[in-house]
Number of protein chains: 2
Amino acid sequence: MSGSTTQGSSGKVTLGQYLASIRTDRKLTLRQVEEATNKEVSNAYLSQIENDKIQQPSPNVLHALADIYGVDYGQLMEMAGYITNVKARSQGQRHGRVATFANHTLTPAEESELMDYLKFMRSRKKTSDKT
Amino acid sequence: MSGSTTQGSSGKVTLGQYLASIRTDRKLTLRQVEEATNKEVSNAYLSQIENDKIQQPSPNVLHALADIYGVDYGQLMEMAGYITNVKARSQGQRHGRVATFANHTLTPAEESELMDYLKFMRSRKKTSDKT
DNA sequence: AGTGTATGCTTGATATACTTAGCGTGCTTC
DNA sequence: GAAGCACGCTAAGTATATCAAGCATACACT
């Protein structure tokens, strides 16, 4: 965590406080940020975020802000209460033969058609279940 | 851009289709998943997600599902329309589609059947789809 | 028959992210 | 003082994710 902002002695820094301190640091107005994000984040909405009226802004909003502020997206996500743990699952057994598909490099069209066919296959199997 | 019209049956694999195929693949019921996620995702809600009634489930919901399915959280985030990484916003990932297949388990029987169908597909339509 | 149970799905209600319009204040410049 | 304008902020509305119940069908058992 960055203790960059003068958060004093009180508890944790909220997302709103953090975002507000960055903006005032950069001497930007709410409307300037609104412009910078191409209206993705309205000044009114940003105000609500900064005053913690919004509990969990959407990731894309956070991304826009992280982008123009030049701060870490993941950190904002975390402060907003999202799980950011992109932990590598132990996906050991899952592959195997399926890798054959990876070799083939399906086009999107092919993939969707295969996907449809897979659904069809499985709906067929419902009647004659079991291996 | 590739024609992103209201495709409905064929076209891109939606998040719902993907999640549904995984669950049926694992032979889990909606309520079993609800239990597995510790009620984080209700069966009713999961049903709506799988039928694409929900446009953008929250990251935490996606995380719960990614967790119990053992699939990549970031991929689900992407399929849900969230910005995941600060990289290539332009085009980049034509993979991750293939990963759709690679990530969840196909039975050997299903795989060979799909392979056959893929051959059939390719022998039939020679439209080179390049995006 | 009937009763029970499990499945996927829908319906209605609530919470909350987000939008749009506008307010109050302070600062210029007339 | 008044007009104009930028600032942060708020109030009211809309959209949508999520919850709580329940419905319909299918299958099992007596």
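In what follows, chains are A, B, ... by sequence order, proteins preceding strands, each numbered from 1.
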Applying side chain to side chain donor-acceptor pair (under 3.5 Å) to Glu34(B) and not counting sequence neighbours gives Asn43(B)
For Asn60(A), give me all partners under side chain to side chain donor-acceptor pair (under 3.5 Å), at least two apart in sequence or on another chain. none
Nucleotide range of DNA chain C contacted by chain A, 5' to 3', under 4.0 Å to a heavy atom? dT16(C) to dG22(C)
Would you please name every residue forming a side chain to side chain contact (heavy atoms under 4.5 Å, CB included) with [X], sequence neighbours left out?
X	result
Ile54(A)	Tyr45(A), Gln48(A), Ile49(A), Pro57(A)
Ala44(B)	Ser42(B)
Glu40(B)	Thr37(B), Ala64(B)
Thr24(A)	none

When you measure from every atom of DNA chain C, which of residues 27-37 of chain A have a heavy atom less than 4.0 Å away? Arg31(A)
Strictly distance-based, threshold 3.5 Å: is any side-chain N or O of Gln17(B) a donor or acceptor partner for the main-chain N or O of Thr14(B)? yes
Using whole Å, what does the distance between atom P of nucleotide dC19(D) and atom CG of Leu46(B) come to? 11 Å
Atom pair distance, as rounded to whole Å: CD in Gln56(B) and P in dA17(D): 7 Å
Ser42(A) near the nucleic acid: base, sugar-phosphate alone, or nothing, with a heavy-atom cut-off under 4.0 Å? base
Could you run down the sub-3.5 Å N/O contacts of the protein with nucleotides 10-12 of chain D?
unit_1	atom_1	unit_2	atom_2	d
dT10(D)	OP2	Lys53(A)	NZ	3.2

Apply salt bridge (Lys or Arg N to Asp or Glu O under 4.0 Å) to Lys27(A) and list each qualifying residue two or more places apart in sequence or on a separate chain. none
Residues two or more places apart in sequence or in another chain: which of them pass salt bridge (Lys or Arg N to Asp or Glu O under 4.0 Å) with Glu35(A)? Lys39(A)
Quick one: which residue pairs count as a salt bridge (charged side-chain N to carboxylate O under 4.0 Å, His left out) with a foot in residues 46-59 of chain A, not counting sequence neighbours? Arg23(A)-Glu50(A)
